[in-house]
Amino acid sequence: MKLRIYNTLSRKIEDFEPLNPPRVTMYVCGITAYDSSHLGHARSAIIFDVLFRILRWLCYEVLYVRNITDIDDKIINRANREGLFWKDITERYTQEYQEEMEKLGVLKPTFEPKASEHIHEIISLIEKLINGGLAYVSEGDVYFAVEKFKGYGKLSGRKLEELLSGVRIDPSEKKRNPLDFALWKSAKPGEPFWESPWGFGRPGWHIECSAMSLKYLGETIDIHGGGLDLIFPHHENEIAQSEGATGKTFVRYFIHHGLITVEGEKMSKSLGNFVTTAYLLEKYHPEVIRAFLLSKHYRSPLDYSEKNIQETEKAMYRLYETLYWINKATPKKEGGLLPRSKSLKEALSKFKETFVQALLEDLNTALALGHLFALEGELYNFINRFKDLTTEEVTLLKEALKEIQELSGGLLGIAKTDPEAFFFSEKERKLKAKGKTLNEVEELIQKRFEARLEKNFALADSIRTELQKLGIQLKDTKEETFWFVE
Ligand SMILES: Nc1ncnc2c1ncn2[C@@H]1O[C@H](COP(=O)(O)OP(=O)(O)OP(=O)(O)O)[C@@H](O)[C@H]1O
Ligand SMILES: [Zn+2]
């Protein structure tokens with residue numbers, strides 16, 4: 001079994017071959033910690049989380065770095081605006097982000113280095129670039145000289161001449177070429193600074209990723225990822241810095257995901273069209289958010305709207321309802337598989353074959369989810385149609401449950417929660433929003449259950465109507481009333 005993945009460098013889907021198997025090195029550009037994270041940041045973390053899980057499932061030993069940018073103009077502006085020390089800002093939002101990612105079931109990367117803790121490595125790398133003639137000092141700043149690096153533009157497919165035609169030349173600039181970018185910026189009043197051979201100052205944005213990936217993962221890394229907004233200039237500049245300094249290939253596979261959009265525009269803080277991860281976690285189960293984010297191919301844009309995520313929630317409730325019934329299923333008679341289970345059996349073996357296959361072919365989470373829901377549909381119909389299950393039929397249902405939990409739960413982080421726990425926390429959360437407690441509602445449901453046993457249908461119906469007003473959906477079986485809040 002082999003992973004095939006789209007490589008932005010070649011613009012093709014390629015077989016994934018790590019440089020030194022079984023080791024795989026992966027670096028993903030993380031957040032700039034100056035504000036609360038939004039759904040776009042969660043998409044990035046979850047896509048690479050799925051890739052991380054798949055690589056581990058393929059028995060690779062993955063070293064995964066996701067950095068935190070904690071030196072940046074936006075951080076400094078925010079700190080000055082709030083009258084706080086820059087570190088207060090970055091620590092607050094880093095912690096918030098890490099807690100949210102944990103709630104979303106995102107596995108911790110091997111390393112989460114911060115730019116501010118790697119100034120020494122950054123300075124050494126800049127010195128190397130200056131010594132190699134690829135960077136120059138100008139009034140306390142250091143710039144990378146883009147025309148000195150032959151391959152500049154190879155990732156984004158841009159040519160230097162084309163790029164130059166689009167920029168305004170300002171003769172007062174400290175740069176020799178308007179496309180040169182800052183590796184080091186001299187300190188301005190009110191900004192954090194560090195000591196360097198070029199005076200007090202701070203690193204530019206791009207150099208931190210080159211320095212930290214070199215430190216933790218070595219000169220050549222297998223995978224480098226981020227949103228496609230980072231292809232140019234960020235990743236182009238990272239290549240120039242890293243390859244300029246080492247003379248080696250920096251990245252074997254560049255993987256870029258599409259953006260979360262709102263009515264077609266990138267979700268971003270500067271446009272003010274964002275929903276925070278915290279807000280979504282208040283409203284939706286973490287697995288609903290994951291399922292929504294994985295419902296489209298990672299390279300496509302994904303348009304957020306409340307309606308779209310609510311549709312995912314409906315599908316997830318149905319999935320969990322099915323898993324709930326399987327959990328509860330017990331045989332009513334001894335016996336083997338009857339002809340009626342033929343299509344379920346086929347659906348299960350199809351799922352086992354196709355689910356992982358979809359993920360291995362360029363991480364097609366949308367298709368994998370399609371396979372999951374196809375099996376779920378078969379399971380749902382089977383459970384609802386046949387109440388006199390045989391021992392072997394129950395075994396088949398439990399096997400399907402186990403496969404779903406292992407494959408979808410393990411690789412997508414979806415369907416990994418115990419179904420009872422899923423509904424319990426969902427009911428609590430939704431009732432709280434309606435000003436009700438779980439106890440109150442459970443008492444009503446019990447009362448209705450008893451009324452039905454006593455054939456007091458008038459009372460049972462009036463309770464049902466009352467519950468429906470709260471958006472509660474009820475489903476009666478002989479043993480219990482299954483319910484959830486819409
Ligand atoms: N709308 C989005 N959809 C998907 N990924 C995004 C989106 N916005 C940012 N990202 C990704 O999140 C990661 C962290 O990015 P970063 O903190 O630099 O965000 P940003 O682009 O500055 O966000 P904003 O513009 O909202 O401030 C990057 O890999 C980036 O590509
Ligand atoms: Zn980066």
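Counting starts at 1 for both ligands and their atoms, in listed order. What you see below is based on every heavy atom in this structure, not just the backbone, and it leaves out hydrogens, waters and symmetry mates. Values in this document were obtained by computation on a predicted structure and should not be read as measured data.
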Is there a donor-acceptor pair under 3.5 Å between the side chain of N7 and the backbone N or O of K12?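 No.
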For E306 and Y304, test the side chains for any donor-to-acceptor distance below 3.5 angstrom and give the result as yes or no.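 Yes, Y304 and E306 have a side-chain donor paired with an acceptor closer than 3.5 Å.
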Could you tell me whether the side chains of E426 and Y320 share a donor-acceptor contact shorter than 3.5 Å?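 Short answer, no.
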Tally of protein N, O or S atoms, where distance to the Zn ion (ligand 2) is under 2.8 Å: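 Protein heteroatoms (N, O, S) closer than 2.8 Å to the Zn ion (ligand 2) number 4.
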Lys/Arg N to Asp/Glu carboxylate O, E243 vs K154, below 4.0 Å: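 Salt bridge flag = yes for K154 with E243.
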Partner set under salt bridge (charged side-chain N to carboxylate O under 4.0 Å, His left out) for E96, not counting sequence neighbours: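 If we apply the salt bridge (charged side-chain N to carboxylate O under 4.0 Å, His left out) test to E96, skipping adjacent residues, there are no hits.
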Would you please name every residue forming a salt bridge (charged side-chain N to carboxylate O under 4.0 Å, His left out) with D222, sequence neighbours left out?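 So D222 forms a salt bridge (charged side-chain N to carboxylate O under 4.0 Å, His left out) with R252.
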Run the ring-centre check on F254 versus H256 and record whether the distance is less than 6.0 Å.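 Centroid separation for F254 and H256: below 6.0 Å.
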Candidate pair R290 and D49, rule salt bridge (Lys or Arg N to Asp or Glu O under 4.0 Å), full reasoning: CA-CA 11 Å; R290 279 187 85 103; D49 181 56; 2.7 Å; yes
Ligand 1 polar-atom proximity to protein (N/O, under 3.5 Å):
unit_1   : atom_1 : unit_2 : atom_2 : d
ligand 1 : 1 (N)  : I260   : O      : 3.2
ligand 1 : 1 (N)  : M267   : O      : 2.8
ligand 1 : 3 (N)  : I260   : N      : 2.8
ligand 1 : 5 (N)  : G40    : O      : 3.1
ligand 1 : 17 (O) : T32    : N      : 2.8
ligand 1 : 19 (O) : H41    : NE2    : 3.2
ligand 1 : 21 (O) : K266   : NZ     : 3.1
ligand 1 : 22 (O) : K74    : NZ     : 3.2
ligand 1 : 23 (O) : H41    : NE2    : 3.4
ligand 1 : 26 (O) : H38    : NE2    : 2.8
ligand 1 : 26 (O) : K269   : N      : 2.7
ligand 1 : 27 (O) : Y34    : OH     : 3.0
ligand 1 : 29 (O) : C29    : O      : 3.4
ligand 1 : 29 (O) : G227   : N      : 3.3
ligand 1 : 31 (O) : G227   : N      : 3.0
ligand 1 : 31 (O) : D229   : OD1    : 2.6
ligand 1 : 31 (O) : D229   : OD2    : 3.4

Option from D73, D72, D70 for which salt bridge (charged side-chain N to carboxylate O under 4.0 Å, His left out) with R202 holds: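 Result: among D73, D72, D70, D73 is the only option passing the salt bridge (charged side-chain N to carboxylate O under 4.0 Å, His left out) with R202.
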